[in-house]
Amino acid sequence: MPLMEAQLKTAREVLEARGKVDNDVVAVKLKSRRGSDAIVDLMTPLPESEWAAGFDVVRKASPEGLEVIRHSTAHVMADAVQKLFPGTKVTFGPATDNGFYYDFDRPGGTFSEDDLAKIEAKMREIIATKSPFKREKIERADAIDLFSKLNETYKVEWMSTLPPDTEFSVYRHGDWVDFCKGPHVPNTEFLAAVKLTAVSGTYWRGDERNPQLQRIYGTAFHSEKALEVYLKQLEEAKARDHRKLGKELELFAFDGTAVASPFFLPRGAKVYNRMIDYIRDVYVRHGYEEIITPQIYSTELFRTSGHLEAYAEGMYFAFAADDLQDEKKLGEIRAAILAPNKTEEQLAFLGKEVRGVKPMNCPGHCQLFSHRKRSYRELPWRCADFGRLHRYERGGVVHGLARVRTFCQDDAHIFCTPEQSEQEIIAFNTLLDEVYTAFGFTEVRIKLATRPERRVGADSLWDFAEKALEDALRKTNRAFDLAEGEGAFYGPKLEFHVKDAIGRSWQLGTIQYDFNMPARFDLKFIDNEGKEQTPVMLHRAIFGSLERFFAVYLEHINGSFPVWLAPEQVCLLTVTDKVDDYAKEAHALLKSRGVRANIDLSSDKLGAKIRNARNLRYPYLAVIGQKEAETRTLALRRGNEDLGAISLDDFAAKIASEAAFPRPQQKQ
RNA sequence: GCCAACCUAGCUCAGGGGUAGAGCAGCGGUUUCGUAAACCGCAGGUCGUGGGUUCAAAUCCCAUGGUUGGCUCCA
């Protein structure tokens with residue numbers, strides 16, 4: 001045995017030497033390495049130097065431990081699938097945030113959900129054999145030979161793409177073998193709680209041009225109990241799904257005559273409009289001006305902006321009867337719209353002949369900016385637009401209100417000088433804090449997305465823009481994560497991610513630095529020396545799309561809107577029809593005072609009325625019986641809390657104060 | 001668009017080759033009741049749509065529309 005090999009030790013050997021092998025240790029985390037490379041299982045031999053640098057044990061219940069468990073479970077699943085469906089080839093099978101998947105090529109077959117139960121049963125059999133996971137180092141040529149013989153063509157293809165200095169290893173459990181770098185659990189016994197959750201189609205290496213594969217999703221935990229907790233959380237999320245709440249609370253609806261395009265019902269429309277009015281209230285205080293712009297433009301506009309070239313498949317086009325007279329021309333239009341790489345002639349032709357429905361507001365805003373000469377005195381110009389946008393989203397990706405084909409953004413563009421941009425970014429951050437606080441999103445994470453590989457514009461522009469974004473954050477002591485290479489092709493951006501009430505993260509706001517669009521539109525302003533200068537443009541949104549925000553927020557609050565947003569703020573509930581007259585009088589009075597009040601005069605018993613009103617999530621319930629009629633009061637209730645008797649006047653005043661738009665604390 | 005599942009009354013769902021069902025909501029009546037579901041009755045469906053198989057289709061097959069979960073995680 002060569003000297004080098006003799007000096008290698010596995011984590012198991014190191015731990016055993018120290019008498020520290022508990023049966024819940026799945027791997028170790030090396031201090032000498034970082035990221036996913038740092039987790040090493042108990043079977044992998046490493047030089048003394050790596051151990052000397054120190055390590056922590058990874059226990060099965062830890063996030064890293066779960067990742068190992070899930071990866072091993074993916075192996076067991078692949079084993080089960082190949083035993084049940086001979087001829088199926090394996091491809092990739094990683095652990096994910098919430099579980100794992102494995103992609104298979106099953107010739108002439110797909111997997112149904114019935115198959116999942118069979119696969120799961122077979123997995124339990126395999127797990128019950130308590131087979132150890134064994135790691136083997138292997139030479140590249142031997143690995144290629146082994147997997148060629150197994151007819152695992154995808155694995156072989158993958159091996160041939162790996163760099164020359166890659167260390168090859170295979171993992172075995174029982175009689176099954178996979179080309180894998182690990183890490184894995186010591187033994188199938190560690191796979192205590194397994195559930196297969198879904199099947200889906202996918203493509204080899206994620207590319208639509210490659211062969212179609214079958215993906216099976218599952219999840220695994222270190223204990224049955226942990227799995228149950230996870231499944232409960234899924235149920236919880238399902239219970240507050242905005243599509244369910246939207247139906248139950250009569251907020252919005254969908255219809256096949258306008259697929260993926262929401263209809264806001266009266267109750268939903270009230271909330272939607274309150275949200276917009278609130279943003280308008282914020283805008284007044286933050287120096288924005290609202291504009292209203294057209295829906296349909298000559299595609300010449302989108303040719304200038306670049307959308308026609310880069311975004312035609314996401315756009316709707318608009319034709320009038322007059323446009324449809326010439327059949328030959330129509331053929332050319334069709335060819336031009338469908339062309340994946342449009343020629344200059346085609347772009348010019350479309351620009352002249354076709355109108356498009358706007359998918360974004362920015363081109364219209366640039367057009368308006370250049371509508372007349374602009375002075376430096378006007379900058380920064382912050383122009384807001386609640387215009388309706390249409391984007392053609394593919395059938396498979398639409399989702400409730402969260403991904404729709406028509407929506408409205410709380411969109412605004414800030415035209416300013418490069419020197420002003422940092423201050424504008426700071427001001428936008430302040431504005432965001434105010435709005436997110438108003439909606440009860442207290443945990444906000446900021447991501448700075450920098451230049452991608454495919455981009456336009458000189459590096460000096462990128463340097464300046466990235467610095468402006470970063471300095472704005474640093475000067476206001478905001479923590480952020482760097483997302484290198486994730487910027488838009490036209491400029492870097494900040495993304496604002498909020499955490500909702502059940503711990504999920506959503507990207508809402510963004511501010512994007514853009515020096516490309518002003519150049520394309522040849523925007524100019526006259527500076528204080530009378531010279532023409534090009535402004536920069538900041539695209540920014542707080543909610544993103546109103547529709548999507550509605551969905552996120554609805555789930556965040558589980559349908560219970562605060563008084564200032566609620567479609568109805570109070571429901572008056574009568575105990576007996578003897579008090580109908582007083583109840584109607586109280587209802588009219590409250591409405592005249594601007595309270596959004598409803599009344600339930602049905603012959604239901606009080607308990608039923610309360611139940612119905614609670615289900616509709618009224619912030620306040622006001623019970624009216626003989627006592628209240630005599631004293632001209634309401635018996636007020638909020639949730640399960642009895643707030644006692646209150647006069648009509650006091651209640652109207654109370655609602656008025658709670659119904660005002662939230663504003664940050666003013667210094668007196 | 002691709003893979004899988006689903007589509008039955010306004011809603012939630014049962015039925016799965018032989019006369020279309022329940023609860024809630026709705027409507028009519030009785031009840032007038034004090035903090036999460038009073039009682040009786042009535043009405044409501046060419047089972048998403050179009051074809052096919054069959055003596056017979058909500059049920060089986062094909063197509064089509066829609067909905068849902070996926071289609072980034074890299075041995």
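First the proteins, then the strands, lettered A, B, ... as listed; each starts at 1. Since the model is a prediction, treat every value here as computed from it, not as a measurement.
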Set of residues satisfying side-chain hydrogen bond (donor to acceptor under 3.5 Å, both in side chains) with respect to Asp642(A), sequence neighbours excluded
none
Please enumerate all residues that pass side-chain hydrogen bond (donor to acceptor under 3.5 Å, both in side chains) together with Thr576(A), with sequence neighbours excluded.
none
Just the atom pairs and distances: protein N or O near nucleotides 22-27 of chain B's N or O, under 3.5 Å.
none

How far does the C1' atom of G50(B) sit from the matching atom of G66(B), given to the nearest Å?
15 Å
Got a sec? Which of residues 168-176 of chain A come in under 4.0 Å of RNA chain B, heavy atoms?
none
Counting just side-chain N and O atoms, does Lys605(A) come under 4.0 Å of either OP1 or OP2 of A36(B)?
no
Solution key, residues 85-94 of chain A side-chain donor-acceptor pairs under 3.5 Å, sequence neighbours excluded:
from: Thr88(A); atom 1: OG1; to: Phe85(A); atom 2: O; distance (Å): 2.7
from: Lys89(A); atom 1: NZ; to: Thr153(A); atom 2: OG1; distance (Å): 3.0
from: Thr91(A); atom 1: OG1; to: Asp103(A); atom 2: O; distance (Å): 2.7

Just jot down the ring pair (Phe, Tyr, Trp, His ring centres under 6.0 Å) partners of Phe407(A), sequence neighbours excluded, or say none.
none
With sequence neighbours excluded, residues passing side-chain hydrogen bond (donor to acceptor under 3.5 Å, both in side chains) with Asp255(A):
Thr257(A)
Checking Tyr230(A) now: which residues fulfil ring pair (Phe, Tyr, Trp, His ring centres under 6.0 Å) with it, not counting sequence neighbours?
Phe221(A)
Please state the P separation for the pair G26(B) and G1(B) - nearest whole angstrom.
39 Å
Those residues at least two apart in sequence (or on a different chain) that pass side-chain hydrogen bond (donor to acceptor under 3.5 Å, both in side chains) with Glu313(A) are none
Heavy-atom contacts, protein to nucleotides 67-72 of chain B, under 4.0 Å, summarised as B (base), S (sugar-phosphate only) or - (none) per nt, yield SSBBBS
With no angle test and no hydrogens, is the base of U32(B) tied to the side chain of Asp577(A) by a donor-acceptor pair under 3.5 Å?
yes
In residues 72-91 of chain A, which ones come under 4.0 Å of RNA chain B, going by heavy atoms?
none
My understanding is that only residues two or more places apart in sequence, or in another chain, count here; which of them pass ring pair (Phe, Tyr, Trp, His ring centres under 6.0 Å) with Tyr618(A)?
none
